[in-house]
Peer 1: 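I have a structure here, written as structure tokens, and I will follow up with some questions on it.
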Amino acid sequence: MQVAETVDEHPAVLVTGGAGYIGSHAALALLDAGRRVIVLDNLVTGFRRAVPEVAVFVEGDIADDALVRALLAEHGVGAIMHFAGSVVVAESVENPLKYYDNNTARSRSLIASALAGGVRHFIFSSTAAVYGVPSDEPVDESWPTRPANPYGTSKLMTETMLRDAAAAHGFNYGALRYFNVAGADPAGRAGQSTQGATNLIKAAVEVATGKRDSLAIFGDDWPTPDGTGVRDYIHVSDLVAAHIALLDRLEVETATSHVLNSGYGRGVSVREVIAAVERASGKPLPCHVAPRRPGDIAQMVANSDALGATIDWRPRFADLDAIVAHALHWERTIGAQLAD
Ligand code: UFG
């Protein structure tokens, strides 16, 4: 008699940095997709309350080998989504070794633990900062990787480790190179609670809710249509949906890894963001022109054709007004409580 083999189609997923901005959205999306979720976060920048209640939460560090190996075994983890790390570009210039420690050395430990624990799939949050060299045209994945700061280098080194480890040890991975991530869960369950955030949409909604006096426009003399910086803002819920679709893909095509830009391929200026915040809040946004920020570039937009061609993903919130409205809603309500 033939006995049907029992296969757990969806082994548990370890989400590092799952108490942080993008990681907490990923944990929710995985749970929505019916996955078991284990969150590992050291709570240095994350918030315990950001972790969904039904996820298993472990407070600890990705480089604590004994802890990580024990939890991989205990929970039968089959895949890792790795969000933990440091993300402030200017800080990486002032304190590069912190970035090579948090983003590179500790990722190396995590990858080693993953190998030891038989984890088959790994998704890494990489960044457009790996490119470094500005471009007037949308940037595709073949664009040279010459990071302009230690943040970008620290992430690129982890991409490189994954590439080489996957070739040697037979697991597969996806590295998603995020462009400018913004917005919040449309259902209001999660959002960005980062203290002292430097990113534009977060800063703008903090001004709109009276938490900051005025938004600094870092330069209005860039070679762009309205003189302000142009970026490719992607809604955090679309971004984490791409992670889920990519994981599905890695589980099916187990011999193939992917490095993919994550953006919409559409440039938006600082002034366009300000106008969207004014539409969402229904009042003028106090702002002032300030000097260019050191290291800033005029424009960075993704060519994300490969993302759409590789995974089963169609963006649902590729609309600046939706991104800003969700960010503002979070800032007004739950975000205020979380950041207490
Ligand atoms: N900006 C302002 N005022 C602010 C904040 C930002 O005018 O208060 C402008 C910037 O000059 C830039 C644009 O808004 O033109 C976007 O700036 P962000 O700080 O929001 O984002 P960056 O493009 O500088 O950096 C982001 C991520 C980095 C990542 C990078 C990859 O924050 O982690 O994209 O390209 F490395």
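Indexing begins at 1, ligand by ligand and atom by atom, following the structure's order. On a predicted model such as this, the values are computed, not experimentally measured, just so you know. Reckoned from all heavy atoms, side chains included, excluding hydrogens, waters and symmetry mates.
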Peer 1: Looking only at protein heavy atoms, identify the closest one to atom 22 (P) of ligand 1 and say how far it is in Å.
Peer 2: N180 ND2, 3.5 Å
Peer 1: Run the salt-bridge test on R35 and D248 with the 4.0 Å N-O cut-off and return the result as yes or no.
Peer 2: yes
Peer 1: Go through ligand 1 atom by atom and flag the ones less than 4.0 Å from a non-hydrogen atom of A128.
Peer 2: 31 (C), 35 (O)
Peer 1: Between T209 and E331, is there a side-chain donor-acceptor contact under 3.5 Å, judged purely by atom types and distance?
Peer 2: no
Peer 1: Would you mind checking if R106 and D101 are paired as a salt bridge, meaning a charged N to carboxylate O distance below 4.0 Å?
Peer 2: yes
Peer 1: Please state which protein non-hydrogen atom is closest to atom 7 (O) of ligand 1 and give its distance, to 0.1 Å?
Peer 2: F218 N, 2.9 Å
Peer 1: Give the atom numbers and elements of ligand 1 that come within less than 4.0 Å of a heavy atom of V87.
Peer 2: 33 (O)
Peer 1: Have a look at ligand 1 and work out which part of T127, if any, has a heavy atom under 4.0 Å from it: side chain, backbone, both or neither.
Peer 2: side chain
Peer 1: Would you say atom 20 (O) of ligand 1 makes contact with the protein, given that contact here means a non-hydrogen protein atom less than 4.0 Å away?
Peer 2: yes
Peer 1: Please list the nearest protein heavy atom to atom 13 (C) of ligand 1 with its residue and the distance rounded to 0.1 Å.
Peer 2: Y233 OH, 3.7 Å
Peer 1: Below 3.5 angstrom, do we get any N/O pair linking Y178 and ligand 1?
Peer 2: no
Peer 1: What protein heavy atom sits nearest atom 5 (C) of ligand 1, and how far off is it?
Peer 2: T198 O, 3.4 Å
Peer 1: Identify the closest protein heavy atom to atom 23 (O) of ligand 1: which residue and atom is it, and at what distance?
Peer 2: R231 NE, 2.6 Å
Peer 1: Answer side chain, backbone, both or neither: which part of W222 comes under 4.0 Å from ligand 1, heavy atoms only.
Peer 2: neither
Peer 1: Can you check side-chain contact (heavy atoms from CB on, under 4.5 Å) on N149 and Y99, steps first, answer last?
Peer 2: CA-CA 10 Å; N149 50 59; Y99 281 69; over 6 Å; no
Peer 1: Charged N to carboxylate O below 4.0 Å: is that the case for R292 and D296?
Peer 2: no
Peer 1: For ligand 1, is there an N or O atom under 3.5 Å from any N or O atom of I297?
Peer 2: no
Peer 1: A side-chain contact here means heavy atoms from C-beta on lying under 4.5 Å apart; do N261 and D232 qualify?
Peer 2: no
Peer 1: Should the proximity of A216 to ligand 1, defined as any heavy atom under 4.0 Å, be assigned to the side chain, the backbone, both, or neither?
Peer 2: backbone
Peer 1: Which residue supplies the protein heavy atom nearest to atom 11 (O) of ligand 1, what is that atom called, and how far is it?
Peer 2: D296 OD2, 2.6 Å
Peer 1: Is there a path of hydrophobic side-chain contacts, each under 4.5 Å between heavy atoms of I/L/V/M/F/W/Y residues, joining L176 to V240?
Peer 2: yes
Peer 1: Output yes when the distance from some N or O of ligand 1 to some N or O of L215 is under 3.5 Å, and no in every other case.
Peer 2: no
Peer 1: Does the protein put a heavy atom less than 4.0 Å from atom 2 (C) of ligand 1?
Peer 2: yes
Peer 1: Any side-chain heavy atom of L30 within less than 4.5 Å of one from L247?
Peer 2: yes
Peer 1: Suppose we measure from atom 36 (F) of ligand 1 to each protein heavy atom; which comes out shortest, and what is that distance?
Peer 2: Y151 CE2, 3.0 Å
Peer 1: Verify the ring-centre separation between F83 and H25: is it less than 6.0 angstrom?
Peer 2: no
Peer 1: Do we see a donor-acceptor contact under 3.5 Å between the side chains of T194 and Q192?
Peer 2: yes
Peer 1: Among all protein heavy atoms, pick out the one at the shortest distance from atom 32 (O) of ligand 1; state its residue, atom name and that distance to 0.1 Å.
Peer 2: N199 CB, 4.6 Å
Peer 1: Could you tell me whether L200 and ligand 1 have an N or O pair separated by under 3.5 Å?
Peer 2: yes
Peer 1: Less than 4.5 Å apart, any side-chain heavy atom of P186 and any of H235?
Peer 2: yes
Peer 1: Just wondering, do I123 and Y173 contact through their side chains at under 4.5 Å, heavy atoms?
Peer 2: no
Peer 1: CZ/R249 to OG1/T256 distance, rounded to the nearest 0.5 angstrom?
Peer 2: 7.5 Å
Peer 1: Classify the ring geometry of Y264 against W313: parallel below 30°, tilted from 30° to 60°, perpendicular beyond 60°.
Peer 2: parallel
Peer 1: Any atoms of ligand 1 less than 4.0 Å from a non-hydrogen atom of I217? List them with their elements.
Peer 2: 7 (O)
Peer 1: Within ligand 1, which atoms have a heavy atom of V89 less than 4.0 Å away?
Peer 2: 36 (F)
Peer 1: Test of understanding: given a 4.0 Å heavy-atom threshold, classify the contact between V88 and ligand 1 as side chain, backbone, both, or neither.
Peer 2: neither
Peer 1: Return the option from R293, R292, R212, E206 holding the heavy atom at the smallest distance from atom 17 (O) of ligand 1.
Peer 2: R293
